[in-house]
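See below for the structure under consideration.
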Amino acid sequence: MTTASGDGTDKAFYVTTPIYYVNDAPHIGHAYTTVAGDVLTRWHRQRGEKVHFLTGTDEHGQKILQAADAHGMTPQEWCDHMVSTAWLPMLTSIDAANDDFIRTTQPRHTERVQEFWQRLYDQGEVYSGSYTGPYCIACEEFKVPGELIQPGDLCPIHTRPVEMLSETNYFFRLSYYADRLLEAYRSGEIRVEPESARNEVLRFVETGLNDISMSRSTFDWGIGVPWDPAHVIYVWIDALLNYWTAVEGSAEYWPADVHLVGKDILRFHAVIWPAMLMAAGLPLPKLVFANGWLLVGGEKMSKTKLTGIPPQRITDHFGSDAYRYYFLRELQFGQDGSFSWESMAARYQSELGDQLGNLASRLTSMVGRYRDGVLPDAVIDEGIAAAMVTARDDAEAAIDRLDFQSALAAVMTFVRIVNGYVTEREPWKVAKDDSRASELDAILYTTADALRAMAVLLNPVMPKACAKLWQQLGAPGELADARVQKVADEHLPAGSNVVKGDLLFPRLADEGTEA
RNA sequence: GGGGCGGUAGCUCAGCUGGUCAGAGCAGGGGACUCAUAAUCCCUGGGUCGCGAGUUCGAGCCUCGCCCGCCCCA
């Protein structure tokens with residue numbers, strides 16, 4: 001468990017988010033997936049593993065071209081603008097520690113995409129054909145006739161008329177891989193989770209696959225098909241490759257350990273993408289995990305209808321730590337979940353302020369008052385030590401299932417236990433009796449050491465607050481170097497300087513409730 | 001139309017292969033305490049488990065039908 005990827009090799013634990021379409025304004029749904037990936041990688045880092053976390057932007061396709069035109073820019077200028085003003089700032093606001101940020105317009109991507117498809121073309125995986133059907137420009141997709149809204153043949157997503165389009169383009173023989181895909185799901189060569197997502201994929205592939213068009217010729221904002229300059233590669237077929245191109249296909253990173261995706265793009269990642277890799281003879285990603293939608297006020301946010309909430313609006317008020325905590329604690333990862341400003345405020349105050357933050361205040365204040373800020377020499381209480389082990393074990397197991405909610409619940413249970421311990425042992429009464437000095441020492445030491453463990457276990461989720469806590473406890477060394485596996489074996493040294501610093505999660509003015 | 005998933009206490013949700021599975025947290029009510037961010041700790045939950053049938057000795061948990069919500073269907 002302590003080696004790089006758990007299997008004794010040098011391979012990094014490689015996690016990806018979807019690459020986000022630059023035309024969208026970043027909303028909390030995008031940030032949710034990114035936070036999950038970030039916490040997952042930070043957790044593995046806290047184990048001492050080598051990790052690699054990739055996110056980025058998807059920049060080709062007809063919609064980009066249209067948006068650029070509308071703004072009087074070239075497509076590249078438009079993408080540059082969106083990346084620098086919207087997408088990179090989003091990562092900053094949620095405190096994402098991604099190792100790389102790939103853009104599909106970068107040469108490192110476009111050149112490898114062309115090499116990849118040239119290879120498949122040469123191998124006979126691609127053939128020329130034609131397709132005619134109703135096409136929605138906004139979706140950049142052909143629609144199934146039955147799903148159009150009547151009257152008027154409107155796109156069900158955009159409620160705008162579709163156009164009948166006939167294209168001669170290139171097809172990838174996806175159908176050829178149906179059986180091999182099924183075998184890969186069943187053998188566990190590639191896992192698709194949660195179970196609902198796996199079921200969907202299995203049923204879908206079991207009923208047979210159609211070959212898919214991998215090129216477009218009605219516009220030119222895309223990566224050129226290397227053997228036919230009149231075509232560009234279909235944006236999805238281009239975008240999926242980012243996970244591989246970003247790491248140059250290096251065995252140090254590839255295959256990816258986890259692709260985090262939204263449930264709407266599950267099939268691209270669990271069917272088309274692995275088939276592409278099979279065709280190229282490359283290893284498959286180990287896990288595709290689909291998370292659900294964020295509902296706001298009971299309704300889903302829409303990428304295209306601009307009803308999304310920008311993450312900054314929340315982080316400006318609550319801070320990035322609370323933001324990261326809230327979404328992973330409140331929602332069951334993999335299912336749809338609800339966001340509300342009220343529940344965010346309630347979690348913040350109750351769990352972060354009243355339980356965790358206040359516990360730190362209680363301890364630092366008492367060590368200051370009763371022991372002049374010097375941590376006494378004592379041994380940690382056995383019951384608390386046992387609870388610490390339980391919290392760590394439960395959290396570790398949950399993280400391995402990508403069950404962030406349970407992982408955080410496990411740590412918060414520990415916080416509750418320690419608050420209860422302090423209340424029960426009544427150190428403020430013990431302090432009045434000099435003959436009970438060693439008892440007081442034990443209570444203070446136990447509480448301080450429990451807080452130390454909390455800082456380690458919560459650092460992947462709330463790095464800023466945990467750094468503060470680490471410092472207030474006078475803990476030695478770098479928090480980043482504290483191994484989660486050893487959290488119950490290492491202890492604060494006696495004599496540490498404990499200081500009551502700024503509140504970890506101060507009470508916030510009750511504002512912004514209009515959300 | 002087809003496929004997948006969900007509909008459990010006021011709110012957000014747990015409930016694995018059917019028999020303490022009717023639960024947790026928050027909110028609300030009562031009490032204790034004062035180290036602390038008016039925080040903490042203890043006690044307190046009687047909700048047709050979407051609706052209607054069925055299988056079973058016994059069903060949120062299985063089957064069928066229906067209603068509602070969400071995702072997907074180059």
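Reminder, nothing fancy here: chain letters follow the sequence lines and each chain counts from 1.
- The partner of C5(B) is G69(B), by the rule that a Watson-Crick or G-U pair needs both atom distances under 3.5 Å.
- Going from the C1' atom of U8(B) to that of G60(B) covers 7 Å, rounded to whole Å.
- Distances were taken from every side-chain heavy atom of R267(A) (C-beta onward) to each of C26(B), U34(B), G3(B); the shortest belongs to G3(B).
- In summary, D238(A) and R216(A) do not engage in a salt bridge, as defined by a charged side-chain N under 4.0 Å from a carboxylate O.
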side-chain contact (heavy atoms from CB on, under 4.5 Å) evaluation trace for Y348(A) with L352(A) = CA-CA 5 Å; Y348(A) 177 88; L352(A) 297 182; 4.1 Å; yes
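- Partner assigned to C49(B) is none, using Watson-Crick or G-U wobble distances below 3.5 angstrom.
- Closest to the V422(A) side chain, of the nucleotides C35(B), C70(B), U37(B), is C35(B).
- Nearer the 5' end of RNA chain B, as judged by each residue's closest nucleotide, is the contact made by E424(A), out of F171(A) and E424(A).
- Pairing for C26(B) is with G10(B), a Watson-Crick or G-U wobble pair whose two hydrogen-bonding atom distances lie under 3.5 Å.
- Looking only at atom types and distance, the side chain of E351(A) has a donor-acceptor partner in the side chain of Y325(A) under 3.5 Å away.
- Of the C1' atoms belonging to U34(B) and G28(B), the separation is 24 Å, rounded to the nearest Å.
- Nucleic acid contact class of Q335(A) (heavy atoms, under 4.0 Å, all strands): sugar-phosphate only.
- Looking at heavy-atom distances under 4.0 Å, G420(A) makes contact with sugar-phosphate atoms alone, never a base.
- Looking only at atom types and distance, the side chain of Y177(A) has a donor-acceptor partner in the side chain of E125(A) under 3.5 Å away.
- When the C1' atom is used for both A14(B) and G7(B), the distance is 15 Å, rounded to whole Å.
- Distance OH (Y325(A)) to P (C26(B)): 11 Å, rounded to an integer number of Å.
- Contact between the side-chain N/O atoms of N199(A) and the OP1/OP2 oxygens of C5(B) is found at a separation under 4.0 Å.
- Rounded to a whole Å, the CG atom of L408(A) is 16 Å from the P atom of C26(B).
- Among the nucleotides U37(B), C13(B), C70(B), the one closest to the side chain of F505(A) is U37(B).
- Residue L504(A) is in base contact, counting any heavy-atom pair closer than 4.0 Å across all strands shown.
- Within the 4.0 angstrom heavy-atom criterion, no nucleotide atom of any strand lies near S343(A).
- Considering only side-chain atoms of N358(A), the nucleotide from U40(B), C26(B), C5(B) that sits closest is U40(B).
- U34(B) atom C1' lies 10 Å from atom CD of E426(A), rounded to whole Å.
- Note on R203(A) versus E206(A): salt bridge recorded, some NZ/NE/NH1/NH2 to OD/OE distance being below 4.0 Å.
- Distance W273(A) CH2 to C72(B) P: 21 Å, rounded to the nearest Å.
- Side-chain proximity of A346(A) to the nucleotides C26(B), A14(B), C35(B) is greatest for C26(B).
- Spacing of C1' atoms, G46(B) relative to G29(B), comes out at 15 Å, to the nearest Å.
- A donor and an acceptor atom, one from each side chain of W341(A) and H317(A), are nowhere located under 3.5 Å apart.
- The residue Y370(A) sits close only to the backbone: its heavy atoms come under 4.0 Å of sugar-phosphate atoms, none of a base.
- Relative to the side chain of R369(A), the nucleotides U40(B), C35(B), U34(B) differ in distance, and C35(B) lies closest.
- Of all nucleotides present, none satisfies the Watson-Crick or G-U wobble test against U34(B) with each distance under 3.5 Å.
- The separation between W236(A) atom CH2 and C73(B) atom P is 10 Å, rounded to whole Å.
- Using a 4.0 Å heavy-atom criterion, one finds that R203(A) contacts the sugar-phosphate atoms exclusively.
- For the pair R416(A) and C26(B), the criterion of a side-chain N or O lying under 4.0 Å from OP1 or OP2 is met.
- Look at the C1' atom in both G6(B) and C61(B): the space between them is 15 Å, to the nearest Å.
- Of the candidate nucleotides C33(B), C70(B), U40(B), C70(B) has the atom lying nearest to any side-chain atom of D336(A).
- The phosphate of G25(B) has neither OP1 nor OP2 within less than 4.0 Å of any side-chain N or O from R347(A).
- With hydrogens and angles disregarded, no donor-acceptor distance shorter than 3.5 Å links the side chain of D381(A) to the backbone of T446(A).
- Between K432(A) and the phosphate of C35(B), there is no side-chain N or O to OP1/OP2 separation shorter than 4.0 Å.
- A59(B) is unpaired under the criterion used here, namely a Watson-Crick or G-U wobble arrangement in which both key atom distances are under 3.5 Å.
- Whole-Å rounding puts the E342(A) CD to G25(B) C1' distance at 17 Å.
- Taking syn as a glycosidic angle within 90° of 0, G60(B) qualifies as syn.
- Taking atom CZ on R362(A) and atom P on U34(B), their separation rounds to 12 Å, with Å as the unit.
- Comparing the C1' positions of U48(B) and A39(B) gives an interatomic distance of 40 Å, to the nearest angstrom.
- Taking only side-chain nitrogens and oxygens, S338(A) comes nearer than 4.0 Å to OP1 or OP2 of C13(B).
- Between E200(A) and S361(A), the residue whose closest nucleotide on RNA chain B is further toward the 5' end is E200(A).
- U37(B) sits 25 Å from G30(B) when the P atoms are compared, rounded to a whole Å.
- Residue G292(A) is out of contact with every strand shown, counting any heavy-atom pair closer than 4.0 Å.
- Side chains of H60(A) and Y21(A): no donor on one and acceptor on the other come within 3.5 Å.
- C71(B) atom P lies 13 Å from atom CG of L294(A), rounded to whole Å.
- The side chain to side chain contact (heavy atoms under 4.5 Å, CB included) test with W244(A) is passed by exactly one of L240(A), N242(A), L241(A): L241(A).
- If you check C35(B), A38(B), C71(B) against the side chain of R507(A), the one that comes closest is A38(B).
- When the P atom is used for both C5(B) and C62(B), the distance is 11 Å, rounded to whole Å.
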